[in-house]
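Here the structure is laid out as structure tokens; the discussion comes afterwards.
The residues of the chain are indexed from 1 along the displayed sequence.
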Amino acid sequence: MLQLCNCQPQKECSSTDSIPALLETDDEIEDLFNKIDRPIPKVSIDDVEKATSAEETKLTVVNPKNYYCLEDLLFVRVDAYDYSGALKPYGGDYLRARIYSPATNSSASGSIKDYNNGTYLVKFTLFWEGTVHISIVLMHPSEAVSALWRGRNQGFANIKYTGNFTSATSYANSECGFHLDTQEEVCAYIDKRDKEAFYCVKPKNYPCEALTHMNSVNRDHSYLTEEEQLLLSRSNIGLEVSKPLKPVKVSSCGKQEEPSEKCRTGSYYPIPSGYFSYNLWKPIHCKMTQFTNNDKLKDFLKGKKLFLLGDSTVRQYIRHFAENIKIVDYFNHTEDEMQSWQKTLLAINLEKFIYVQWKKHTFPFVSKTFYSIKEDAYMARQIDQIGGGENTIIILTLGQHFRPFPFRTFIRSAINVRRAIERLFIRSPRTRVIIKEENARDMDIDMERFSDFHGHVQYLALREIFEGLNVGFVDGLDMTIAYACNVIHPPLEVLENLISMSFTKAS
């Protein structure tokens with residue numbers, strides 16, 4: 001978007017004495033927002049004792065057996081109780097369910113049905129033999145979910161952006177953001193086609209085109225009450241439901257079928273879409289090819305251009321290729337830039353004619369350190385600039401940096417990306433596009449801004465937005481919940497499976 005204002009006719013950069021009205025909201029955005037909003041609880045709390053308690057909540061195996069067979073279903077009923085021991089009359093708790101066997105490094109997610117009356121039904125499929133443990137985790141009680149959703153959509157005040165305006169001899173910093181409450185003169189950076197906008201207070205003696213760098217920090221601000229903030233303290237997040245269930249025994253019973261058809265683009269599956277066994281991801285509807293061998297990776301990427309678009313979780317791909325397994329070399333160009341990890345990365349292999357590039361998406365992008373925006377563009381615009389073709393692969397992700405901002409901001413950007421992919425498929429229908437869905441992340445971060453609940457609703461929205469488009473989904477959320485890796489950058493064992501699933505669908 002900001003490359004800069006007067007160089008692309010579809011963009012408008014101007015100074016103004018007042019903030020323009022927020023860009024109109026399309027019906028498509030409102031329809032999807034309402035669909036996601038409908039099942040989210042709308043409750044308030046003035047006493048933490050009335051919130052769902054992991055310790056008081058009860059678990060019951062609905063179909064107990066002495067032993068189970070492979071592919072049997074295991075049903076667990078969850079009855080939510082508050083801290084006073086009263087049964088909850090409504091649902092909306094953010095739960096996570098998984099089964100696991102440490103002896104074989106096996107694990108899988110479970111699906112959860114909310115009956116909206118305090119009762120939930122968890123369904124597990126028993127994918128492997130042996131002793132299988134059961135875990136139900138209360139990530140957030142429904143009261144915290146309600147607060148997170150309300151607070152997120154209340155405004156933009158939780159993140160403060162600072163723009164750096166430069167000239168040949170000086171610079172000035174100025175407040176920026178999606179919405180500014182100011183009477184000062186403002187620079188408006190607007191993408192008219194895609195209806196995306198960003199604003200900065202205009203420094204004296206600097207034109208709007210002088211904006212070159214940006215950073216952001218968490219503002220000392222909250223949309224939540226003291227009781228709601230208490231529910232989001234680390235001691236109340238990701239709590240194992242007490243009185244854990246006994247492990248179950250699983251035998252083969254003569255069943256051991258694996259899918260034979262290769263995973264392809266154009267289809268996606270609900271959780272659980274697969275499971276780990278000996279740290280290898282096994283999709284249940286299709287077959288994944290392992291791309292962990294260096295020669296195999298080089299042969300697959302030979303003669304190809306791989307564009308990685310998004311945040312640092314997809315940046316892991318190029319770092320793995322260049323720094324861990326060294327199948328490509330960075331193109332090191334010296335830059336006297338006020339930026340660090342956010343800079344565009346390019347890596348090549350001249351012998352195999354491999355080209356790999358990572359480029360961040362622009363607003364919203366959250367980083368305490370300043371980064372250059374001189375070559376930035378919204379992801380939809382980046383896709384528009386890719387020629388495509390049968391030797392071009394695009395792997396994109398968007399989500400983590402959108403979590404602190406109103407949900408409509410995410411919906412608009414995702415819809416614009418879909419439209420850009422549709423345009424790409426018109427001019428280059430053989431281009432492969434893979435969407436790496438966002439993964440679970442740390443629990444010791446600022447939950448109001450970065451909770452995995454925000455990622456969960458974005459995950460649901462992406463499935464709706466890209467339905468029917470011939471893209472490949474890589475379910476990073478399912479994988480990281482199954483593996484229980486609650487870090488923003490998954491460990492090598494998970495990363496290699498994410499890469500293998502991405503390339504299987506792109507082959």
Side-chain angles (χ1 to χ4, degrees), residues 1-14 20 22-26 28-29 32 156 159 161 163 176-179 187-200 208-209 211-216 307-315 339 342-344 357-367 371-388 394-425 427 431 433 435-436 438 458 461-462 465-466 469 471:
M1 173 183 173
L2 301 174
Q3 192 188 10
L4 267 163
C5 309
N6 57 0
C7 42
Q8 292 189 20
Q10 72 271 13
K11 297 176 186 174
E12 177 183 293
C13 171
S14 61
L22 291 177
L23 296 173
E24 67 269 22
T25 302
D26 296 336
E28 185 177 5
I29 295 174
L32 182 52
F156 295 92
I159 300 291
Y161 278 99
C176 301
F178 290 96
H179 178 71
C187 292
Y189 304 92
I190 299 175
D191 185 324
K192 286 187 173 180
R193 184 197 69 185
D194 291 342
K195 300 178 183 177
E196 305 210 51
F198 200 77
Y199 309 100
C200 290
C208 293
E209 291 81 0
L211 176 63
T212 60
H213 294 79
M214 190 72 63
N215 85 333
S216 64
F307 294 93
L308 305 168
L309 308 180
D311 58 38
S312 60
T313 63
V314 76
R315 178 174 171 266
Q339 61 178 336
Q342 312 92 339
K343 67 181 180 182
T344 298
Q357 177 185 285
W358 172 80
K359 189 176 179 64
K360 68 180 181 296
H361 63 68
T362 192
F363 308 123
F365 195 84
V366 179
S367 174
Y371 55 90
S372 173
I373 59 170
K374 291 187 289 187
E375 297 180 353
D376 271 11
Y378 288 109
M379 189 180 289
R381 294 289 181 180
Q382 293 182 38
I383 295 170
D384 285 340
Q385 294 171 2
I386 296 173
I394 299 172
I395 302 177
L396 63 90
T397 187
L398 68 165
Q400 298 282 354
H401 291 253
F402 287 80
R403 293 184 180 192
F405 302 97
F407 190 50
R408 291 179 179 87
T409 304
F410 175 79
I411 296 175
R412 183 185 296 280
S413 291
I415 289 174
N416 287 336
V417 168
R418 178 190 168 111
R419 291 170 180 167
I421 294 171
E422 289 172 337
R423 292 189 292 269
L424 170 66
F425 284 163
R427 65 181 181 270
T431 308
V433 178
I435 298 174
K436 188 200 81 67
E438 62 184 297
Q458 290 173 174
L462 278 185
I465 291 168
F466 289 94
L469 198 61
V471 298

Where do [X] and [Y] come nearest, in terms of heavy atoms and distance?
X: Leu211; Y: Tyr189; result: CB-OH, 3.5 Å
X: Gly387; Y: Leu424; result: O-CD1, 4.2 Å
X: Ala420; Y: Asp384; result: CB-OD1, 3.9 Å
X: Pro404; Y: Ile159; result: CB-CG1, 3.6 Å
X: Lys360; Y: Asp376; result: NZ-OD1, 3.2 Å
X: Ile465; Y: Ala414; result: CD1-CB, 3.5 Å

Roughly how far, to the nearest 0.5 Å, is [atom2] of [Y] from [atom1] of [X]?
X: Ile386; Y: Arg427; atom1: CD1; atom2: CZ; answer: 8.0 Å
X: Thr409; Y: His179; atom1: OG1; atom2: NE2; answer: 12.0 Å
X: Leu309; Y: Ile435; atom1: CG; atom2: CD1; answer: 11.0 Å
X: Cys200; Y: Met214; atom1: SG; atom2: CE; answer: 4.5 Å
X: Ile29; Y: Ser413; atom1: CD1; atom2: OG; answer: 9.0 Å

Cys208 and Cys187 SG atoms under 2.5 angstrom apart: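 Judged by the SG atoms alone, which are under 2.5 Å apart, Cys208 and Cys187 are bridged.
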
Whether the side chain of Ser372 engages the backbone of His213 through a donor-acceptor N/O pair (distance < 3.5 Å, no angle test) should be reported.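 No; judged by distance alone, with no hydrogens or angles, the pair does not exist.
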
Please confirm whether the backbone N or O of Lys436 pairs with a side-chain atom of Thr397, one donor and one acceptor, at under 3.5 Å? yes

Kindly determine whether Lys343 and Tyr371 satisfy side-chain contact (heavy atoms from CB on, under 4.5 Å), including the steps that lead there. CA-CA 7 Å; Lys343 67 181 180 182; Tyr371 55 90; over 6 Å; no

I'd like to check [X] versus [Y] (side-chain heavy atoms, cut-off strictly below 4.5 Å). Are they in contact?
X: Gln458; Y: Phe407; value: yes
X: Thr344; Y: Gln357; value: yes
X: Phe425; Y: Val471; value: yes
X: Arg381; Y: Arg193; value: yes
X: Glu438; Y: Thr313; value: no
X: Leu398; Y: Phe410; value: yes
X: Phe402; Y: His361; value: yes
X: Phe307; Y: Gln382; value: no

Give the ring-plane orientation class for Phe363 versus Phe198, where under 30° counts as parallel, over 60° as perpendicular and anything between as tilted. parallel

Once you measure the plane-to-plane angle for His401 and Phe365, does it fall in the parallel (<30°), tilted (30-60°) or perpendicular (>60°) bin?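 Judged by the thresholds at 30° and 60°, the geometry between His401 and Phe365 is parallel.
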
By salt bridge (charged side-chain N to carboxylate O under 4.0 Å, His left out) - contacts of Arg419 (at least two apart): Glu28

Run the side-chain contact (heavy atoms from CB on, under 4.5 Å) check on Asp194 and Arg412 step by step: do they pass? CA-CA 8 Å; Asp194 291 342; Arg412 183 185 296 280; over 6 Å; no

Under the side chain to side chain donor-acceptor pair (under 3.5 Å) test, which residues partner Asn416, sequence neighbours left out? Glu196

Before giving the answer on side-chain contact (heavy atoms from CB on, under 4.5 Å), spell out for Ile383 and Leu396 the whole-Å C-alpha distance, their side-chain angles and the decisive distance to 0.1 Å. CA-CA 10 Å; Ile383 295 170; Leu396 63 90; 4.1 Å; yes

Carefully, step by step, assess Val433 and Leu469 under the rule side-chain contact (heavy atoms from CB on, under 4.5 Å). CA-CA 10 Å; Val433 178; Leu469 198 61; over 6 Å; no

